[in-house]
Amino acid sequence: MIRYILTKLWQSALTLVLSAVVVFLGVRLLPGDPARAMAGEDASPEQLAAMREQLGLDDSLPAQFMTFLSNLSRGDFGTSTRTGTPVIDLIATTLPVTLWLSAYAIAVAVLVGVLFGVIAERFRGRWPEWFTNGFALLGLSVPNFWLGILAILYLAVGLGWFPASGYVDVLSDPIKGLYYLTLPAVILGTSLAAVIMRQTRASMIETMNTDYVRTAKAKGLSGARVLTRYGLRNSLIVVVTIVGLQLGGLISGAVVTERIFALPGFGKLTLDAVFTRDYPVIEAVVLIITLSYIVINLSVDVLYSVINPRIRIGGGN
Amino acid sequence: MDSGQPILEVKDLEVSFGEGPVLHGVNFTIRRGERVAIVGQSGSGKSTTVGAILGLLPGNGRITGGSITLDGADLGGASEKQLRHIRGRQIGLVPQDPMSNLNPVMKVGAQIADALAANGHQGRDNIRQRAVNLMTEAGIPDAGRRYGQFPHEFSGGMRQRVLIAISLAGEPELLIADEPTSALDVTVQRQILDHLQTLVDARGTSLLFITHDLGLAADRTDRIIVMANGHIVEVGTPEQILLNPQEEYTQQLVAAAPSLLATVTGEELAGASLPVESKAASTTILEVRGLVKEFTLRSQHGKKFLAVDNVSFSVERGTTTAVVGESGSGKTTIARMILGLEQATSGEALIDGKSITASDGAVRRALRRKVQPVFQDPYGSLNPTFSIERLIDEPLRVFKVGNAASRRARVAQLLDQVALPRTMAQRRPNELSGGQRQRVAIARALALEPEMLICDEAVSALDVLVQDQILDLLAELQNRLGLTYLFITHDLAVVRQIAHQVVVMKAGKVVEDGSVEKVFMAPEADYTKELLGAIPGASFAR
């Protein structure tokens, strides 16, 4: 198992370096000039040149890349060309918002998705299944920005149950923090919940018809125990894989959701950086998104081997 | 123990799925301590009967008539809660396939503990101790350690022992064993059934034994119920059923049961031995010389595994040679190497004096034409999207034989040869029964007029009556076309029925080889003796 994780880590490091190269080149291929964006539309050529030098843009590409890498290796993402603050500080303030939002959304999605999936399987051909199937259809087909706007209109402005925007740090005030995040998290988690529901339903139908479930019933076990330890436990193997694949989509969803609910998160930082050609911030943001993909995949792999003992490598005994 | 009292009474049982009933008026009684077998082929309704008794009918199956009474209580009208109380405690189930009946993500100990907890045992340590005891009783060595292992760390035989431990956890009065060993090798089957029998005898448990194997039923039970198409055909003691069957269907079944044929006495065997066509018998068509296949195990740090260890034998033209062995003996690997599907590590296989293992390109293609395979699973080996015609003429297309019209004529001829109607050419595999599919597989193998067929467990997925028909067909084709067969099988009974020569394999090595008469009548190797002794139904041989 340890060896397996080490191999994965090594592969991850390689992915990260490669993505650093791609990001560095990609950003420089974008149309637009950060020096002009910084210095303003009517800056003189001298001002532009000075700005270029200050930003290190007059070096050759390889030289720029070496500086970029060596800074990166020291954990230095540089300074935002737009605000002049260190990129690391910008990330430190915005990343937690997005992490809380995503974690909350995943929790909601897994809870609702698995529950609805089990309900759909248990009540096949009856109204609870039609209801959950309808939910899944809507969740998958309705774009979440529209859902978000509806939620703000009716639940926040109309009924006043939830705040329409704003963020409270979850660590300093957990209850209020989570309360503020509830609406965005539900909206962000809807499509994931729909995917999980469909997947859980499908794999529950399969597992509940297996021989070992019949044998479990023949033991005289209670229905609940058969459902959870025999049915659900095996169904979740498939569900976890699907969730892992879907989590990437959550990041792009977060960008939109943060925009709608005016959350000061990572998504907002990303958008602002792209609009202003803020090279250091874009580079840092993309690298961190890459890193999060890697971490997610690695956790899914590890989680997968925890719930499915057959693939535990070098495990057992 | 009030023996003689009925524990289970099934009266006029009728079970339906959807429209029509699949069980019709099934009647039988099991008395305390009695062992009863239900024998039937697939689709006979034997497993449906079990499902009805346990209240575990699959899908939309339901009891539509008659009654099932356990210890005086009606099971048909029992609620799910009452049934749950009965399952495990009063009726234990040993299911069929040890590979699919254990929860793959749960430790085996926990699965036994589950059954104990459901049947009223309490206390973690107490339950664990009982579970370990049950495992030991079921014949699992080192049970304390193996308690914490997962099903995939157990062999098939060991898994079946776990399932036996589970079935006995609630100390049921009636144990239903539904084909408990049909997925296992014969020697393992015997050990497990012997063990099950001691456990059942010691507890005075009644046994309902479901099987497709008449010999097995006769060996293990006091009374046999023969079922077909949802009806009970005949009921009687093993002696009555095997030696004096009344109904025509039972007579057919007894006549086809290969395990009974395998144990024919000496004189009969000598007289009945298969004639070898003398004109063809003198030349060797296949020669296997020092064949070795080594696999590298990736999961175990590149450790080597010898699947086939220096195997040599030869096959005479126009004869049948059986390679017999249990799972893991390397018999299929040999077949694959002869077919050129697997690279030999060393040694060679010669067809008509030319090495197929060392050849490639055109030579290999020419050799492949002479040797065609028939595989085990008639469901998996035919592409479901192809028509029967397309399936059979594929080898002709591959080798660019003839034109469309001549190929069509050849397919019709081949269908005739395997006794399938010509109209079947335009149908698809899913419309055919298992036996028909295997006929299609044989027709395809014959398309290129090969000299030799390699049949890898070609009849082991079929019911006995169908198996018998396919073996007859193969024998007839051999006589007519002078074919040579290399017959890979785990079933000694089939060997006796079809082969002239036999090669017994164990763990990659040839243990014994020779003529069928010699190996069956005067086996030299202990392993051969063990295999022969494990064939059920020996005491009822005719």
Side-chain angles (χ1 to χ4, degrees), chain A residues 1-4 6-7 114 121-126 129 200 203-241 302-317, chain B residues 50-51 53-60 80-81 83-107 110-120 145-146 148-153 159 162-163 166-167 169-170 172 176 178 298-301:
Chain A
M1 190 70 205
I2 288 171
R3 198 175 144 171
Y4 173 69
L6 283 179
T7 320
V114 170
E121 190 274 333
R122 291 285 80 191
F123 298 90
R124 275 174 82 188
R126 282 179 277 165
E129 193 199 6
T200 308
S203 66
M204 278 296 282
I205 288 172
E206 203 183 312
T207 19
M208 291 308 279
N209 278 318
T210 55
D211 287 346
Y212 54 80
V213 164
R214 179 170 179 261
T215 300
K217 287 179 185 163
K219 287 180 199 174
L221 297 187
S222 71
R225 197 166 174 85
V226 173
L227 189 74
T228 50
R229 302 222 35 200
Y230 292 79
L232 200 53
R233 179 86 199 272
N234 280 286
S235 304
L236 286 184
I237 294 173
V238 187
V239 175
V240 165
T241 317
V302 172
L303 194 60
Y304 200 60
S305 68
V306 168
I307 58 176
N308 186 358
R310 279 166 298 184
I311 64 160
R312 267 175 221 170
I313 292 159
N317 293 1
Chain B
V50 171
I53 295 170
L54 285 165
L56 291 175
L57 285 167
N60 55 359
E80 179 61 25
K81 198 177 165 198
L83 280 172
R84 204 176 290 150
H85 197 80
I86 288 164
R87 291 180 204 137
R89 277 185 211 217
Q90 285 179 278
I91 309 177
L93 172 73
V94 184
Q96 174 166 15
D97 183 358
M99 293 303 167
S100 66
N101 273 292
L102 287 169
N103 184 347
V105 301
M106 207 167 158
K107 291 173 178 167
Q111 301 192 47
I112 301 170
D114 242 7
L116 287 165
N119 292 306
R145 185 177 64 84
R146 305 214 75 179
Q149 291 187 334
F150 287 96
H152 67 272
E153 298 172 69
R159 289 188 207 198
V162 172
L163 288 166
I166 287 173
S167 72
I176 301 179
D178 186 359
R298 283 184 68 191
S299 59
Q300 291 177 25
H301 310 288

Atom group of B:Pro104 that falls short of 4.5 Å from chain A, counting heavy atoms: both
Interatomic spacing from CZ in A:Arg214 to CG in A:Asn209 - rounded to 0.5 Å: 11.5 Å
Indicate yes or no: at least one non-hydrogen side-chain atom of A:Met204 is less than 4.5 angstrom from one of A:Leu232. yes
By a 4.5 Å heavy-atom criterion (distance strictly below it), what part of B:Leu163 contacts chain A: side chain, backbone, both, or neither? side chain
Heavy-atom distances under 4.5 Å only: say whether A:Arg229 touches chain B with side chain, backbone, both or neither. both
Between B:Gln111 and chain A, with a heavy-atom cut-off of 4.5 Å, which part of the residue counts as in contact: side chain, backbone, both or neither? both
Using a 4.5 angstrom heavy-atom cutoff, name the option from B:Ser100, B:Ala118, B:Gly148, B:Pro95 with the most pairs to chain A. B:Ser100
Leading residue by heavy atom contact count with chain A [cutoff under 4.5 Å; candidates B:Leu116, B:Val94, B:Val105, B:Ile166]: B:Val105
Just so I know, are the side chains of A:Val226 and A:Met208 near enough to count as touching, which here means a heavy-atom distance under 4.5 Å? yes
Leading residue by heavy atom contact count with chain A [cutoff under 4.5 Å; candidates B:Pro151, B:Ala115, B:Ser167, B:Pro172]: B:Ala115
Presence of salt bridge, B:Glu153 and B:Lys107, under 4.0 angstrom: no
So which part of B:Leu56 gets closer than 4.5 Å to some heavy atom of chain A, the side chain, the backbone, both or neither? both
Mind checking side-chain hydrogen bond (donor to acceptor under 3.5 Å, both in side chains) for B:Asn101 and listing every partner two or more places apart, or none if nothing turns up? A:Thr215
Heavy-atom donor-acceptor pair, B:Arg159 side chain to B:Leu102 backbone, under 3.5 Å: no
Where does B:Asn119 contact chain A at under 4.5 Å (heavy atoms): side chain, backbone, both or neither? side chain
